[in-house]
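Reading through the structure tokens given below for one structure.
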2 protein chains.
Amino acid sequence: MNAQDLLKKYQLSVTDSRLSVLHIFMQSGGALSHSDIEGRLKGLHDRVTVYRTLQTFADKGIIHQIPTTDNAVLYALCKENCAGGHHHDNHVHFLCTECEITTCLDDVMVPTVKLPRGFRQNDVKMVVTGVCKLCK
Amino acid sequence: MNAQDLLKKYQLSVTDSRLSVLHIFMQSGGALSHSDIEGRLKGLHDRVTVYRTLQTFADKGIIHQIPTTDNAVLYALCKENCAGGHHHDNHVHFLCTECEITTCLDDVMVPTVKLPRGFRQNDVKMVVTGVCKLCK
DNA sequence: GTAACTGCAAAATATTTGCATCCTT
DNA sequence: AAGGATGCAAATATTTTGCAGTTAC
């Protein structure tokens with residue numbers, strides 16, 4: 001799905017800023033910080049607009065905030081919308097100790113961890129155990 | 001280990017601020033934000049001192065930053081020092097695809113995830129797959 | 001034309017730095 | 001006594017808010 005259709009799908013007006021920010025996400029294929037984005041826009045748009053754009057996208061579920069172990073605030077496109085297939089299965093799984101059912105928490109992305117020097121990362125799995133919505 | 005000995009172990013002078021902050025961590029037994037700590041100090045110490053204290057503790061490995069999925073910056077005592085035994089086994093594990101050895105990354109704490117409404121959390125496991133320091 | 005979006009200014013918040021004074025060792 | 005830690009003031013950085021002008025639909 002291209003940037004324009006994506007915006008329409010979420011009933012957002014198609015504007016320059018939004019298209020630019022979406023293109024930046026699509027091209028990078030990964031997680032970006034506010035200042036990464038600001039940098040790549042090269043002053044084309046106001047800093048405040050970037051904040052508002054990211055907020056809007058996050059509200060609509062186009063992007064997610066991804067926390068990292070060094071506490072930078074990163075954003076990334078959500079899986080569903082990532083037509084290019086570049087995304088991994090990077091949401092958190094939940095195992096309920098009552099019903100023993102494992103649920104995909106699609107809205108909860110796996111945080112990015114910062115590994116010690118020398119480690120190369122391939123894949124991250126995160127499983128939360130507890131009591132699910134239905135069993136509580 | 002009590003707060004005073006802990007400071008001595010890390011060759012830090014024993015001061016009011018540091019003792020207070022350590023006590024707050026020990027009593028809470030969990031992760032705290034800068035403002036949590038500031039709040040519990042009730043104006044007894046300067047805001048800047050809290051920043052510096054947290055920084056010093058983090059440098060020495062007394063506390064860790066813990067990212068969360070809602071991007072609050074949280075700190076918690078490191079396991080080793082947590083004499084009370086209140087800590088869980090909350091560091092990240094690393095599975096190397098070359099040597100197939102699983103390593104504890106003691107320095108990398110498992111981020112706190114914010115679950116959707118209705119879920120109760122018990123335990124979190126995080127496993128990173130990749131190539132370890134020795135095999136790379 | 002109307003509602004929504006943007007850019008600018010400025011407020012609010014969060015974090016860092018410099019320096020003189022005070023406290024720990 | 002000496003070095004480090006604190007508190008205050010102020011500089012910087014980050015994020016939010018208000019509003020007038022502009023743009024998408």
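Every chain is numbered from 1 and lettered A, B, ... according to where its sequence line falls, protein lines coming before strand lines. A quick note: this is a predicted structure, and the numbers were derived from the prediction, not measured.
V127(B) belongs to a hydrophobic cluster whose other members, connected by ILVMFWY side-chain contacts under 4.5 Å either directly or through intermediates, are L95(B).
Toward the 5′ end of DNA chain C lies the nearest nucleotide of T56(A), the other residue of the pair V48(A) and T56(A) mapping further downstream. Across the interface with DNA chain C, nearest-nucleotide mapping of Q55(B) and R18(A) shows R18(A) to be the residue nearer the 5′ end.
Between the side chains of Q27(B) and H23(B), not a single donor N or O lies within less than 3.5 Å of an accepting N or O. The closest side-chain donor-acceptor pair between T56(B) and D59(B), if any, does not fall under 3.5 angstrom.
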Check nucleotides 23-25 of chain C for protein N or O atoms closer than 3.5 Å to its own N or O atoms and list the pairs.
from    : atom 1 : to     : atom 2 : distance (Å)
dT25(C) : OP1    : V14(B) : N      : 3.1

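One atom, CG of L41(B), and another, P of dT6(D), lie 12 Å apart when rounded to the nearest Å. Here the P atom of nucleotide dA14(C) and the CG atom of L54(B) are 14 Å apart, to the nearest Å. As a whole-Å value, the separation of Q11(A) CD from dA24(D) C1' is 15 Å. Atom C1' of nucleotide dT15(C) and atom CD of E38(B) are separated by 11 Å, given to the nearest angstrom. Note: CG (D46(B)) to P (dA9(D)) measures 10 Å, nearest angstrom.
Computed from C1' positions of five pairs at each end, the angle between the two local axes of the helix from dG1(C)-dC25(D) to dT25(C)-dA1(D) equals 40°, rounded to 10 degrees.
Surrounding NZ of K60(A) are more than 12 heavy atoms belonging to other residues, nucleotides or ligands, all under 6.0 Å away.
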- Item | Full working for side chain to side chain contact (heavy atoms under 4.5 Å, CB included) between V108(B) and M126(B) | CA-CA 10 Å; V108(B) 184; M126(B) 189 159 184; over 6 Å; no
- Mind running side chain to side chain contact (heavy atoms under 4.5 Å, CB included) on L105(A) and F119(B) for me, showing each step along the way? CA-CA 10 Å; L105(A) 302 178; F119(B) 286 82; 3.8 Å; yes
- side chain to side chain contact (heavy atoms under 4.5 Å, CB included) assessment of R18(A) paired with S13(A): CA-CA 9 Å; R18(A) 289 177 180 167; S13(A) 1; 3.9 Å; yes
- Between L32(B) and Y75(B), does a side chain to side chain contact (heavy atoms under 4.5 Å, CB included) hold up when you go through it step by step? CA-CA 5 Å; L32(B) 299 169; Y75(B) 299 85; 5.7 Å; no
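Note on S17(B): only backbone sugar-phosphate atoms sit closer than 4.0 angstrom, heavy atoms only; bases stay farther off.
Contact of R52(B) with dG4(D) (side chain to base): no donor-acceptor pair of N or O atoms is detected under 3.5 Å.
Across dT6(D), dT15(D), dT15(C), the shortest atom-to-atom separation from the side chain of Y51(A) is found for dT15(D).
For R47(A), no side-chain nitrogen or oxygen approaches OP1 or OP2 of dT14(D) to under 4.0 Å. Neither OP1 nor OP2 of dT14(D) sits under 4.0 Å from any side-chain N or O of H34(A).
For the pair Y51(B) and D46(B), the minimum side-chain heavy-atom distance is 4.5 Å or more.
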